[in-house]
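What follows is a set of notes on a single structure, which appears directly below.
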4 protein chains.
Amino acid sequence: MPAANSQARRTHSGNRRDEAARLAVLHAADDLLVEQGFGALTIEAIARRAGVAKQTIYRWWPSKVEILLDTLVEDSEKRFPVPADEPTAEDVRGYLHDFARFLTDDPAGAVLLALIAEAQHNPGTAETFQRDYLGPRRDRERAMLTHAIGTGELSPALDPDAALDALVGPILYRALTGAAISPDLVNTLFDTLLNPRPT
Amino acid sequence: MPAANSQARRTHSGNRRDEAARLAVLHAADDLLVEQGFGALTIEAIARRAGVAKQTIYRWWPSKVEILLDTLVEDSEKRFPVPADEPTAEDVRGYLHDFARFLTDDPAGAVLLALIAEAQHNPGTAETFQRDYLGPRRDRERAMLTHAIGTGELSPALDPDAALDALVGPILYRALTGAAISPDLVNTLFDTLLNPRPT
Amino acid sequence: MPAANSQARRTHSGNRRDEAARLAVLHAADDLLVEQGFGALTIEAIARRAGVAKQTIYRWWPSKVEILLDTLVEDSEKRFPVPADEPTAEDVRGYLHDFARFLTDDPAGAVLLALIAEAQHNPGTAETFQRDYLGPRRDRERAMLTHAIGTGELSPALDPDAALDALVGPILYRALTGAAISPDLVNTLFDTLLNPRPT
Amino acid sequence: MPAANSQARRTHSGNRRDEAARLAVLHAADDLLVEQGFGALTIEAIARRAGVAKQTIYRWWPSKVEILLDTLVEDSEKRFPVPADEPTAEDVRGYLHDFARFLTDDPAGAVLLALIAEAQHNPGTAETFQRDYLGPRRDRERAMLTHAIGTGELSPALDPDAALDALVGPILYRALTGAAISPDLVNTLFDTLLNPRPT
DNA sequence: TCATAAGCGAGACGGTACGTCCTGTCTTAAT
DNA sequence: ATTAAGACAGGACGTACCGTCTCGCTTATGA
């Protein structure tokens, strides 16, 4: 764990961006969100916990939303990457399970929910979030689904984007309302909406 | 409509709750949210626009969330009431269309999105919102769906609550991400998930 | 002494200006200036020490200069009021001695020096200081001197305003440069510049 | 004059102190003080305008006060040097006129006023200013005055230092309060305080 | 001649204060 | 009892400077 304590004064790197400060900010933001909730996630609190000056945060991130985005992009790639290499129907199913587990069991899932929330409150956030997170992921999800349709493994009644909304929507909705997401639900959604070739 | 302007000093009602003040607050909150977004929705701004003292707001509402809830409950009942009287399959379908239209076309739809968002940021809000809005509506939605299943008109692969999540989820997800919701999408979801008896 | 401690939360006066807060601010500013110098005299430090919110300071004073002015006006009137009632030559002489003593021995003298200094750095301060302090005092000093000239007790070579500058200037200059001001110096200035009728 | 513009990147002298940078700093400080006042005289602003790195300033001057002192020493010597070569009474009188003119008409006079001001706010500045400016000049002024007394041209009622305070004080006081200084005032002070042998 | 040592522009860093805004509590005077 | 008004303590906002630091470069010097 990257120590962000303040007694051992970090020595920084002069003219160049200080990687230790960058990480300290990301971790502080993440920790604060999980431990104390979005209300406690102020720039001042992040700076305080990271042992960093406010100006250092403002220098590199326009707002706390972008900090969260940075952590989310990293965490999402780590915890539920979109299967990209000749994905099969089972890869798609597995991806949906991973997504559900990320939202309900992973502390980082809270970041995704918080960003969706913040996007409702702020049009700028909505745009940034769409551009830097939802859009790129959707592109890869669409490619995944399209491939599995192309092989004949899946044959949904909806076009790929609508099908993805129909799959992701319910999972996310249950997460947003604090409900559990059983693997059965995911499986039934998958079977009903994507109509997989019987095995 | 009760004027909420400040030049014509409203005369208030002595020792009874002032209904004009109550309405002025609800309208001010609604208007501010729609016109200037959630960021501008502060107690001070509501009080200012409503021509009401802050204390009057704090006396009757624990937080701005409850103000929004009050407006949302009223507006939802008006714009897309849950069909309750022997609802048919077509009533269910119509309800989903009304819900989608509320979210995308009605200014009051923004209130629902804002409350879902705020619920992510604040556990207290989540609970209140669930208890006073989502829960009661879901009860009536479940009754509606159960009735239509009981008559044999609908036969979903999922249990009623899961089916409702599967229908509401995608619609809400598209609204949350700012996407349009075509009637076709709603129809296809309805047909795929609820498997209606062919007419 | 008005307690400015923070544990015993002051109860304030609601709708009206809180006199206790006003005094706490004035005393905190005074104390900080004397104890830690002008550099430590920040709005934040005053607020901290007075146990007062910053906003309360900004509500009533445009800047810390006006806080100092308020204390200076009060203190000057108390410590070296301008003799006003048929002042004699000896009253004038005594006034000069009081002025010298105020500058060198009284902690409040530091406030006067600080304001003269600040006036050099800030045109707005210069104007306010002139209008609210120097001007009014000079009017009364001129009246005092004019009266003593009118009785024939004093007959300076300079017009009253120039004479006052010639008397005040050296005293203030020595104070500004941290030099002591002996009563002899004041007496000699008085005798040389005002040419008093021999007794 | 060495251009302090930033587009034409100055080539510096490698191993040795860069004289161009030194001058650029002095001029930038001077200009900023005159054009925008003491409030705008920050190290960052000086560095910006001089096209110099902050570190270069901190390397050679402990604080902005010393920068001003450097310019003041140079300018004072140029604009109103203390007559040193067998000064007559008229030299003394002329010196006082020069001093008054420097304070009121010369942009560099603002530097002297600013340093007197800053000395009130900061004991370190007071000491440096006394040691490097006021002290040395006073030594030469005392020598000048003593010489003119020695020749019998002048016979003040006060000892030389007190006489100098009595002359300089009023002039400076009027400058500090933004008042004009007429030659008549200077002449009368001179005549009254120094009691010159009639010509 | 070529390493080395200092000065330089640049700019990131941890801090502190700025002046503004909003929070939720309180008191007053009027209804 | 309820209201409009608004003062209050508190605390976050985003900005500007502070004084320190490290970087990569340039130049003069002496081994």
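Chain naming here is simple, since letters A, B, ... match the order of the sequence lines and numbering starts at 1 in each. Quick caveat: nothing in here was measured; it's all calculated off a predicted structure.
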Identify every side-chain donor-acceptor pair in residues 39-47 of chain A under 3.5 Å, counting partners at least two apart or on other chains, and give the distances.
{"residue": "Thr42(A)", "atom": "OG1", "partner": "Ala45(A)", "partner atom": "N", "Å": "2.9"}
{"residue": "Glu44(A)", "atom": "OE2", "partner": "Lys54(A)", "partner atom": "NZ", "Å": "2.8"}

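- Atom C1' of nucleotide dC8(E) and atom CG of Asn15(A) are separated by 12 Å, given to the nearest angstrom.
- Out of dC8(F), dC13(E), dT2(F), the shortest distance to the side chain of Ala21(C) is found at dC8(F).
- Here Trp60(C) reaches the OP1 or OP2 of dC8(F): one of its side-chain N or O atoms lies under 4.0 Å away.
- Among pairs with a residue in residues 51-73 of chain B, none fulfils ring-ring contact (aromatic ring centres under 6.0 Å, His included), at least two apart in sequence or across chains.
- Summarising the geometry, the separation between CD on Glu19(C) and P on dT27(E) is reported as 18 Å, rounded to the nearest angstrom.
- Counting heavy atoms from C-beta outward, Lys64(B) and Leu68(B) have side chains that stay 4.5 Å or more apart.
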N/O-N/O pairs, protein side and nucleotides 20-23 of chain E side, under 3.5 Å:
{"residue": "dC21(E)", "atom": "N4", "partner": "Gln55(C)", "partner atom": "OE1", "Å": "3.4"}
{"residue": "dT23(E)", "atom": "OP1", "partner": "Ile43(B)", "partner atom": "N", "Å": "3.0"}
{"residue": "dT23(E)", "atom": "OP2", "partner": "Ile43(B)", "partner atom": "N", "Å": "3.3"}
{"residue": "dT23(E)", "atom": "OP2", "partner": "Glu44(B)", "partner atom": "N", "Å": "3.1"}

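- At a non-hydrogen distance threshold of 4.0 Å, nothing from residues 118-129 of chain D comes into contact with DNA chain F.
- Between the CD atom of Glu66(A) and the P atom of dG14(F) there is a distance of 11 Å, given to the nearest Å.
- Proximity of Arg17(D) to the phosphate of dA6(E): no side-chain N or O atom is located under 4.0 Å from OP1 or OP2.
- Looking at the side chain of Thr56(C), the nearest of the listed nucleotides dG11(E), dC8(F), dC13(E) is dC8(F).
- Considering only the side chain of Asp18(D), dG7(E) comes nearest among dA4(F), dG7(E), dA29(E).
- Looking at residues two or more places apart in sequence or on another chain, you find a side chain to side chain donor-acceptor pair (under 3.5 Å) between Glu66(A) and Ser63(A).
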side-chain contact (heavy atoms from CB on, under 4.5 Å) between Arg22(B) and Thr56(B), intermediate numbers included: CA-CA 9 Å; Arg22(B) 189 188 136 258; Thr56(B) 299; over 6 Å; no

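- Side-chain proximity of Ala53(A) to the nucleotides dT29(F), dA9(F), dG14(E) is greatest for dG14(E).
- Gln36(D) meets the side chain to side chain donor-acceptor pair (under 3.5 Å) test with no other residue; sequence neighbours excluded.
- In this structure, Ile57(B) atom CD1 and dC26(E) atom C1' are separated by 16 Å, rounded to whole Å.
- A 4.5 Å side-chain heavy-atom check between Ile57(A) and Val52(A) finds at least one atom pair inside the cut-off.
- Qualifying side chain to side chain donor-acceptor pair (under 3.5 Å) partners for Gln55(C), counting only residues two or more places apart in sequence or in other chains: none.
- Straight-line distance from the CD1 atom of Ile46(C) to the P atom of dG19(E): 11 Å, rounded to whole Å.
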Throw together a table of side-chain donor-acceptor distances under 3.5 angstrom for residues 114-130 of chain B, partners on residues two or more places apart or in other chains.
{"residue": "Glu118(B)", "atom": "OE1", "partner": "His121(A)", "partner atom": "NE2", "Å": "2.8"}
{"residue": "Gln120(B)", "atom": "NE2", "partner": "Leu176(A)", "partner atom": "O", "Å": "2.8"}
{"residue": "Gln120(B)", "atom": "NE2", "partner": "Ile116(B)", "partner atom": "O", "Å": "3.2"}
{"residue": "His121(B)", "atom": "NE2", "partner": "Glu118(A)", "partner atom": "OE1", "Å": "2.8"}
{"residue": "Asn122(B)", "atom": "OD1", "partner": "Gly124(B)", "partner atom": "N", "Å": "3.0"}
{"residue": "Asn122(B)", "atom": "OD1", "partner": "Thr125(B)", "partner atom": "N", "Å": "3.2"}
{"residue": "Thr128(B)", "atom": "OG1", "partner": "Gly124(B)", "partner atom": "O", "Å": "3.0"}

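- If you take CZ of Arg49(C) and P of dA9(F), they are 17 Å apart, rounded to a whole angstrom.
- Between Trp61(D) atom CH2 and dG19(F) atom P there is a gap of 15 Å when expressed in whole angstrom units.
- An OP1 or OP2 oxygen of dA6(E) is reached within less than 4.0 angstrom by no side-chain nitrogen or oxygen of Arg16(D).
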